[in-house]
Amino acid sequence: VQLQASGGGLVQAGGSLRLSCAASGRTFSSYGMGWFRQAPGKEREFVTGINWSGGRTYYADSVKGRFAISRDNAKNTVYLNMNSLKPEDTAVYYCAADQSAYYIGSYPRPYGTYYWGEGTQVTVSS
């Protein structure tokens, strides 16, 4: 599985960014996807997840109401729309793909159950 994230950058507080993650190497529509982030000196943390069908989404409390995950199975791509960005959202954002097809539980799952892509830097200035 190959995951390629893009869309990171520098934005002022209150601004918006859209991250994309293109997946290849297997049937994209059969697997849940997620976004995690890691700020300097901090552990990687769950941001949001979406199940294989797109019918269920999950969010960390810190981003609820500001971030939205979506997927386009025809394009093998998952998106993260980030609005009302805050300086504390500054981090490297990682796209992750569930290793299990048609997983029916909730997200996040343990880190070892994902495939990981390269991160993309998001910097929010105050």
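Keep in mind that this is a model prediction, so the values were computed, not measured. Excluded from the calculations below are hydrogen atoms, water molecules and symmetry mates; all remaining heavy atoms, backbone and side chain alike, are included.
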Does any N or O in the side chain of [X] come within less than 3.5 Å of the main-chain N or O of [Y], such that one atom is a donor and the other an acceptor?
X	Y	value
Tyr114	Arg109	yes
Thr77	Lys75	yes
Arg71	Asn51	yes

Please set out all donor-acceptor pairs under 3.5 angstrom arising from side-chain atoms of residues 9-26, sequence neighbours excluded.
residue : atom : partner : partner atom : Å
Ser16   : OG   : Asn83   : OD1          : 2.9
Ser24   : OG   : Gln2    : OE1          : 3.3
Arg26   : NH1  : Asp98   : O            : 3.0
Arg26   : NH2  : Asp98   : O            : 2.5

Does the side chain of Ser106 come under 3.5 Å of the side chain of Tyr58 through a donor N or O and an acceptor N or O?
no

So does Glu118 have more than 12 non-hydrogen atoms from other groups sitting under 6.0 Å from CD?
no

Could you tell me whether Gln4 atom CD has more than 12 heavy atoms of other residues or ligands within 6.0 Å of it?
no

Same cluster or not: are Tyr93 and Val1 linked, directly or through other Ile, Leu, Val, Met, Phe, Trp or Tyr residues, by side-chain heavy atoms under 4.5 angstrom apart?
yes

Distance from [X] atom [atom1] to [Y] atom [atom2], nearest 0.5 Å?
X	Y	atom1	atom2	result
Trp116	Leu3	CH2	CG	10.0 Å
Asn73	Met33	CG	CE	10.0 Å
Arg56	Tyr107	CZ	OH	7.5 Å
Lys64	Thr48	NZ	OG1	10.5 Å
Asn76	Tyr31	CG	OH	12.0 Å
Tyr59	Phe67	OH	CZ	10.5 Å

Could you go through the side chain to side chain contact (heavy atoms under 4.5 Å, CB included) check for Trp52 and Ser30 one step at a time?
CA-CA 5 Å; Trp52 59 272; Ser30 301; 5.6 Å; no

One thing to verify: whether Lys86 and Asp89 come together as a salt bridge, which I'm taking to mean a side-chain N less than 4.0 angstrom from a carboxylate O.
no

Take Arg44 and Arg37 through the test side chain to side chain contact (heavy atoms under 4.5 Å, CB included) and record every step on the way to the result.
CA-CA 5 Å; Arg44 189 171 299 190; Arg37 66 186 181 187; over 6 Å; no

